[in-house]
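This report refers to the structure that appears directly beneath it.
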Amino acid sequence: APIVELRAVGKSYGNIHALRDVDLAVHAGRVSCVLGDNGAGKSTLIKIISGLHRHTTGELLVDGEPARFSTPRDALDRGIATVYQDLATVTLMPVWRNFFLGSELTRGRWPFQRLDIPRMRSVADAELRAMGIVLDDVDQPVGSLSGGQRQSVAIARAVHFGARVLILDEPTAALGVKQSGVVLRYVAAARERGLGVVFITHNPHHAYLVGDHFTVLRLGTVELSADRADVDLDH
Ligand code: ADP
Ligand code: ADP
């Protein structure tokens, strides 16, 4: 069964229908790509799954049960973590410190109270490696990292603190070729670790490289919903 499921979800802002009748399933160990031009409804979809907006019609299910998110905290409590382009990292602080900075936001746990600094460094380093990222030094400030590496810090942190689903909002949009590769690598690592991923992108090539399922939105409706096997030219 999917971890998160949208059934016939609609969202209106006044008389603007941003989403109409949208179905989407997020499974453990699968990457669900959502494509669409500006105005297609991608941001609205993310906001509904991450607890920022309420849908007006249809159902949101988590672990098969109807869910009602009033705040992003409610989504986080169910293991749904959203990583936006403007990352919640503090550029002047070391990587390891940023890694534990978010912990007060994640499921109310404060493990750093019981960890000493060398231990926090090694946890941050190990979690980053597990996501396919090798940094020279977790003592360097986050501001010295590249765009893809900064995202990796936010992702590894979310996973360490219990995320089961990652919602990635256009993670490669502002990046060049090499840094996009860093992103695609952590997406693949997240899938390997059994997370469900929603990968929002404008870039069909990036979607094709990592996607297990593809949903194309157009003016708020699902124009295409296809598994990889259905779009694979080898099949
Ligand atoms: P995308 O992220 O794919 O560009 P959005 O979800 O941002 O799409 O927007 C979908 C539609 O909903 C657009 O027509 C947009 O103008 C409209 N919309 C989005 N947010 C709001 C809002 N807060 N108030 C009114 N209309 C909105
Ligand atoms: P960043 O994304 O942090 O700017 P990149 O190294 O990915 O760093 O990209 C820097 C610029 O160089 C971008 O314009 C990108 O398109 C280009 N670039 C990077 N790697 C390659 C490559 N292997 N082949 C061609 N262009 C590249």
Side-chain angles (χ1 to χ4, degrees), residues 2-27 30-62 67-76 78 80-88 147-148 150-151 154-155 158 163 165-176 179-180 183-184 186-187 190 196-228 231:
I3 306 176
V4 177
E5 193 177 358
L6 302 186
R7 284 193 194 155
V9 158
K11 170 73 184 174
S12 334
Y13 300 104
N15 52 16
I16 297 165
H17 293 283
L19 292 177
R20 233 191 261 261
D21 230 4
V22 170
D23 293 329
L24 183 81
V26 186
H27 293 268
R30 297 194 74 195
V31 178
S32 183
C33 295
V34 179
L35 295 121
D37 295 334
N38 285 332
K42 302 184 300 298
S43 305
T44 301
L45 186 77
I46 291 181
K47 285 172 180 159
I48 290 169
I49 302 175
S50 64
L52 279 164
H53 283 174
R54 279 283 195 89
H55 49 293
T56 30
T57 55
E59 273 194 303
L60 169 67
L61 305 176
V62 179
R68 205 160 285 283
F69 295 160
S70 301
T71 67
R73 179 58 189 258
D74 296 335
L76 212 49
R78 302 300 304 270
I80 299 165
T82 305
V83 177
Y84 294 97
Q85 279 179 38
D86 56 341
L87 294 161
R150 274 182 76 169
Q151 287 183 26
I155 294 291
V165 172
L166 297 175
I167 316 286
L168 309 175
D169 182 15
E170 307 251 8
T172 60
L175 303 181
Q179 287 307 312
S180 293
V183 170
L184 298 173
Y186 79 61
V187 171
V197 180
V198 180
F199 182 29
I200 312 283
T201 181
H202 267 94
N203 187 317
H205 183 59
H206 290 169
Y208 188 74
L209 285 173
V210 294
D212 297 299
H213 187 89
F214 307 93
T215 302
V216 178
L217 292 179
R218 196 179 129 76
L219 300 174
T221 63
V222 175
E223 189 178 57
L224 173 93
S225 173
D227 277 331
R228 182 170 198 91
V231 295

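When a ligand or atom number is given, it counts from 1 through the structure's own listing order. This chain uses plain numbering: 1 for the first residue, then up along the sequence.
- The two atoms that bring P2 and E5 nearest to each other are CG-OE1, 3.8 Å, heavy atoms only.
- From the protein, the heavy atom lying nearest to atom 25 (C) of ligand 1 is Y13 CB, 3.3 Å.
- Of the N or O atoms in K42, one or more lie within a sub-3.5 Å distance of an N or O in ligand 1.
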Run the side-chain contact (heavy atoms from CB on, under 4.5 Å) check on L19 and L217 step by step: do they pass?
CA-CA 9 Å; L19 292 177; L217 292 179; 4.3 Å; yes
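- Residue contacts with ligand 1, taken as heavy atom pairs separated by less than 4.0 Å, involve D37 solely via the backbone atoms N, CA, C and O.
- The closest approach between a heavy atom of G36 and any atom of ligand 1 is not below 4.0 Å.
- There is a protein heavy atom closer than 4.0 angstrom to atom 27 (C) of ligand 1.
- Of the listed residues (V34, V183, I155), just one forms a side chain to side chain contact (heavy atoms under 4.5 Å, CB included) with L168, and that residue is I155.
- Looking only at protein heavy atoms, the nearest one to atom 10 (C) of ligand 1 is G39 O, 3.5 Å.
- Residue A18 has no nitrogen or oxygen atom sitting less than 3.5 Å from a nitrogen or oxygen atom of ligand 1, judged on distance alone.
- For R54, the CZ atom is densely surrounded, since the number of other residues' heavy atoms within 6.0 Å is greater than 12.
- Without hydrogens or angle criteria, T221 side chain to R20 main chain gives no donor-acceptor distance under 3.5 Å.
- What sits closest to atom 2 (O) of ligand 1 on the protein, heavy atoms only, is S43 OG, 2.6 Å.
- Ligand 1 has an N or O atom lying under 3.5 Å from an N or O atom of A40, backbone or side chain.
- E223 contributes atom CD, which lies 11.5 Å from atom OG1 of T215 (distance to the nearest 0.5 angstrom).
- Under the 30°/60° scheme for interplanar angles, the aromatic rings of F214 and Y208 are found to lie parallel.
- Atom 16 (O) of ligand 1 is not flagged as protein-proximal [any protein heavy atom, distance under 4.0 Å].
- Contact atoms of ligand 1 toward N38: 4 (O) (distance under 4.0 Å to a heavy atom of the residue).
- Looking from atom 8 (O) of ligand 1 to the surrounding protein, the closest heavy atom is G41 N, 3.0 Å.
- Counted by atom type alone, T172 and H206 present one or more donor-acceptor pairs between their side chains at under 3.5 Å.
- Using modelled atom types and a 3.5 Å distance limit, the side chains of S225 and H213 yield a donor-acceptor pair.
- Between T44, N15, I16, it is T44 that holds the heavy atom closest to atom 5 (P) of ligand 1.
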